[in-house]
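Report on one structure; see the data block that follows.
Along the sequence shown, the residues carry numbers beginning at 1. As the structure lists them, so they are numbered: ligands from 1, and atoms in each ligand from 1.
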Amino acid sequence: MLRSRMKNVVLDLPPEWSADADALPLYVRCEDLRLEQVFINLIGNALDTIASCDRPRVIVELDMRAKTVDIIVRDNGPGIPADALPRLFEPFFTTKEMGHGLGLAISSAIARDYGGAQL
Ligand SMILES: Nc1ncnc2c1ncn2[C@@H]1O[C@H](COP(=O)(O)OP(=O)(O)O)[C@@H](O)[C@H]1O
Ligand SMILES: [Mg+2]
């Protein structure tokens, strides 16, 4: 299901990198399935929020200029309401009718487990 919604997702890589994922000079110390879980949650949230947009777009950027790799997922949805910001990573916090409120709590725990952080 995620795959069919992926047509609105753009991978925005620096020009010197090839679009071939295997050629990316990026290494992170993390179990692959858990890192995948983070991507699924962030991209899934972005796709949820652009569902009603005119020109839906999700952009995934990878920035490795520092010694760490920053993963940035942007969308052109309405944005996160200011009063939701302090509670985003709280387990079971959701503003969705059918939400579980666990995606960001799990993702930030995975990032922390491997020495990372949410920005
Ligand atoms: N890309 C986003 N745009 C706007 N709000 C977001 C976005 N990502 C997360 N949120 C907010 O954070 C809440 C918690 O997200 P999450 O932990 O993934 O749980 P869920 O997706 O089940 O609601 C969402 O309900 C939503 O209010
Ligand atoms: Mg979610």
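Under 4.0 angstrom from ligand 1, the non-hydrogen atoms of Leu102 all belong to its backbone. Residue contacts with ligand 1 for Thr95 involve both N, CA, C or O and side-chain atoms from C-beta outward (heavy atoms, distance under 4.0 Å).
The shortest side-chain heavy-atom distance between Glu61 and Asp63 does not fall under the 4.5 Å cut-off. Considering only heavy atoms from C-beta on, Asp113 stays 4.5 Å or farther from Glu31 through its side chain.
For Ser108 (side chain) and Leu104 (main-chain N/O), a donor-acceptor pair under 3.5 Å exists by modelled atom type. A distance-only check finds a donor-acceptor pair linking the side chain of Asn76 to the backbone of Arg55 [under 3.5 Å].
Looking at atom 5 (N) of ligand 1, its nearest protein heavy atom turns out to be Ile80 CG1, 3.4 Å. With hydrogens left out, the protein atom closest to atom 18 (O) of ligand 1 is Asn45 ND2, 2.8 Å, a heavy atom. Nearest to atom 14 (C) of ligand 1 among the protein's heavy atoms is Phe93 O, 3.4 Å. Regarding atom 1 (N) of ligand 1, its nearest protein heavy-atom neighbour is Asp75 OD2, 2.9 Å. In terms of protein heavy atoms, atom 23 (O) of ligand 1 is closest to Thr94 OG1, 2.5 Å.
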| message | Using side chain to side chain contact (heavy atoms under 4.5 Å, CB included), reason through Asn45 and Lys96 one step at a time and then give a plain yes or no. | response | CA-CA 10 Å; Asn45 278 347; Lys96 299 171 192 171; 3.1 Å; yes
| request: Take Asn8 and Asp75 through the test side chain to side chain contact (heavy atoms under 4.5 Å, CB included) and record every step on the way to the result. | output: CA-CA 10 Å; Asn8 293 319; Asp75 62 66; over 6 Å; no
| message | Could you go through Ile71 and Leu62, starting from their C-alpha distance and side-chain angles, then the distance that decides it, and tell me whether this counts as side chain to side chain contact (heavy atoms under 4.5 Å, CB included)? | response | CA-CA 5 Å; Ile71 300 166; Leu62 303 171; 3.9 Å; yes
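Minimum heavy-atom separation, Ala117 to Ala111: N-CB, 4.1 Å.
For a threshold of 3.5 Å applied to N or O pairs, the pair formed by Lys96 and ligand 1 contains at least one separation below that value. Residue Leu104 places at least one N or O, backbone or side chain, under 3.5 Å from an N or O of ligand 1.
For Ser107 and Asn41, the side-chain atoms include at least one donor-acceptor pair closer than 3.5 Å.
At least one heavy atom of Gly101 sits closer than 4.0 Å to an atom of ligand 1. Ligand 1 has Gly79 within reach: a non-hydrogen atom of the residue lies less than 4.0 Å from it. Contact between Leu88 and ligand 1 is present, with at least one heavy atom of the residue lying under 4.0 Å from the ligand.
Distances below 4.0 Å separate heavy atoms of His100 from the following atoms of ligand 1: 22 (O). Annotation for ligand 1: atoms under 4.0 Å from non-hydrogen atoms of Gly99 are 22 (O). In summary, the atoms of ligand 1 found under 4.0 Å from a heavy atom of Thr49, numbered by their order in the structure, are 1 (N), 3 (N), 4 (C).
Leu35 and Tyr27 end up in different hydrophobic clusters when Ile, Leu, Val, Met, Phe, Trp and Tyr side chains are linked at under 4.5 Å.
Residue Thr94 does not count as close to the Mg ion (ligand 2), with no N, O or S atom under 2.8 Å.
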